[in-house]
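Reviewing the structure listed below.
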Amino acid sequence: MNLSAAEDESEKEIHIPAEIDWEMLDKSKFFFLGAALFSGVSATLYPIVVLKTRQQVAQSQVSCIKTGFGMVRLEGFRALYRGFGTSLMGTIPARALYMGALEVTKSNVGTATVGLGFTEATAATTANAVAGLSAALAAQLVWTPIDVVSQRLMVQGAGNASTTCKYSNGIDAFRKIITSDGLRGLYRGFGISILTYAPSNAVWWASYSVAQRMVWGGVGCYFSKKHQDGVNVDSNNTLKPDSKTVMAVQGVSAAMAGGVSALITMPLDTIKTRMQVLDGEENGRRGPTIGQTVRNLVREGGWMACYRGLGPRWASMSMSATTMITTYEFLKRLSTKNQEVLQ
């Protein structure tokens with residue numbers, strides 16, 4: 001689906017490259033290149049995720065900068081990448097499920113909503129929201145156990161982390177969790193994960209669709225009033241932005257959507273992280289319930305304790321959204337069967 005064009009008094013239009021749907025992709029190239037590209041992005045952003053997790057399980061408010069310097073001073077630089085190997089192993093299949101579910105759902109829902117008579121803008125927003133929801137549900141089947149193990153490793157060494165088990169690596173953590181809690185231990189917080197990531201993805205993709213239209217509208221008006229280098233005007237009086245402009249608009253739109261999503265879902269993410277990391281000493285092997293987790297947080301720092309780690313999570317989601325969406329759109333263009341459709 002094409003984004004709507006922005007027009008000014010001179011009736012100039014801004015041409016946006018066509019949306020690449022699932023049927024246009026070379027699937028093997030899409031998944032292979034995707035695994036490589038997203039692994040690199042995950043490695044770059046991983047320290048921010050570690051800092052966010054440390055702040056969420058801390059029993060008192062500590063700034064992000066102080067947490068980071070304290071970790072490096074006491075545990076070494078490698079502490080910022082603790083659990084990364086485990087996380088990377090889960091990222092590849094989880095991303096494959098996520099991208100597959102996202103593209104299939106977006107293509108089918110988009111076609112169905114247009115067929116029902118909805119406008120292109122409404123169809124695009126709806127398709128993006130439903131696709132984000134289904135992608136999150138599919139990915140969590142793989143990602144929740146990986147998340148549990150990697151987060152246990154992330155907080156290991158933190159003086160105030162309420163976890164008693166010590167793990168030598170991801171395999172050791174996996175084995176000890178299975179031994180003590182069974183398969184249920186690996187899926188601790190699965191329900192709250194769904195409640196966190198499913199609406200978060202739906203909000204993000206819907207916000208991204210709306211933000212992109214808003215930004216393109218502003219870009220169209222700006223380019224129509226000013227003659228800018230890198231913007232071509234064809235015989236039909238249509239402005240054609242270059243690839244750098246397209247990537248910039250996608251990045252800004254993604255950052256806006258990431259910030260909105262982070263703010264809305266932060267309390268749920270804090271509760272989820274607490275449930276997955278803490279050993280549940282107060283309730284035997286069952287682990288803490290949602291109610292117990294919320295009560296502990298409120299007792300420690302009031303309702304604002306649910307927003308511990310908001311700074312790193314906001315930065316992580318905004319930066320991740322910007323890099324992920326530009327990488328994702330670049331990946332789709334690399335994986336397109338017929339490159340002529342990109343013109």
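Counting from 1, the numbers follow the sequence of the chain as shown. These numbers come from the heavy atoms of this one structure, side chains and all, not from hydrogens, waters or symmetry mates.
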ring-ring contact (aromatic ring centres under 6.0 Å, His included) partners of residues 173-199, not counting sequence neighbours, each pair once: Tyr187-Phe190

Considering all heavy atoms, the nearest Gly132-Leu102 contact: N-CD1, 3.9 Å

Short side-chain to backbone donor-acceptor contact, Ser335 and Lys332, under 3.5 Å: no

For Arg175, salt bridge (Lys or Arg N to Asp or Glu O under 4.0 Å) partners two or more places apart: Asp172

side-chain contact (heavy atoms from CB on, under 4.5 Å) partner of Val50, the single match among Arg82, Met71, Gln151: Met71

Spacing of CG belonging to Leu51 relative to CD1 belonging to Ile65, to within rounding of 0.5 Å: 10.0 Å

Residues forming a ring pair (Phe, Tyr, Trp, His ring centres under 6.0 Å) with Trp204, sequence neighbours excluded: Tyr208

Rounded distance (nearest 0.5 Å) linking atom NZ of Lys272 with atom CD of Gln276: 4.0 Å

Hphob cluster co-occupancy, Val130 + Leu137, side-chain heavy atoms under 4.5 angstrom: no

Any donor-acceptor N/O pair, Ser150 side chain to Asp147 backbone, under 3.5 Å: yes

Spacing of CD1 belonging to Ile48 relative to CG belonging to Leu80, to within rounding of 0.5 Å: 10.5 Å

Validation row: Thr323, Thr44 side chains within 4.5 angstrom (heavy atoms): no

Least distance between heavy atoms, Ala262 atom then Arg313 atom: O-NH1, 3.2 Å

CZ on Arg299 to CD on Gln292, rounded to 0.5 Å: 9.5 Å

Leu334 side, atom CG; Thr327 side, atom OG1 - distance, nearest 0.5 Å: 10.5 Å

Least distance between heavy atoms, Gly258 atom then Ala321 atom: CA-CB, 4.4 Å

Contact check, side chains of Ser200 and Ile264, non-hydrogen atoms, under 4.5 Å: no

Polar contact flag, side-chain donor to acceptor under 3.5 angstrom, Thr270-Gln56: yes

Leu331-Leu45 co-clustered via ILVMFWY side chain contacts under 4.5 Å: yes

From CE (Met266) to CH2 (Trp314), nearest 0.5 Å: 11.5 Å

Considering all heavy atoms, the nearest Asn128-Lys106 contact: OD1-CD, 3.7 Å

Flag, side chain of Ser107 to backbone of Glu103, donor-acceptor distance under 3.5 Å: no

Cluster check Trp205, Val109: I/L/V/M/F/W/Y, side chain < 4.5 angstrom: no

Validation: residues 301-310 side-chain donor-acceptor distances under 3.5 Å, sequence neighbours left out:
{"from": "Arg308", "atom 1": "NH1", "to": "Ala58", "atom 2": "O", "distance (Å)": "2.8"}
{"from": "Arg308", "atom 1": "NH1", "to": "Glu300", "atom 2": "OE1", "distance (Å)": "3.1"}

Residue pair Ala206 / Ala129: nearest heavy atoms and the distance that separates them: CB-CB, 3.9 Å

Of all pairs that satisfy salt bridge (Lys or Arg N to Asp or Glu O under 4.0 Å), the ones with a partner from residues 31-52, not counting sequence neighbours: Lys52-Asp269

Same apolar cluster (I L V M F W Y, side chains within < 4.5 Å links), Ile146/Leu88: no

Expected output: side-chain Thr265 to main-chain Leu268 donor-acceptor under 3.5 Å: no

Within 6.0 Å of CD1 in Ile171, more than 12 heavy atoms from elsewhere: no

With sequence neighbours excluded, residues passing ring pair (Phe, Tyr, Trp, His ring centres under 6.0 Å) with Phe84: Tyr46, Tyr81

For Ala131 against Thr105, the heavy-atom pair lying closest together: CA-CG2, 3.6 Å

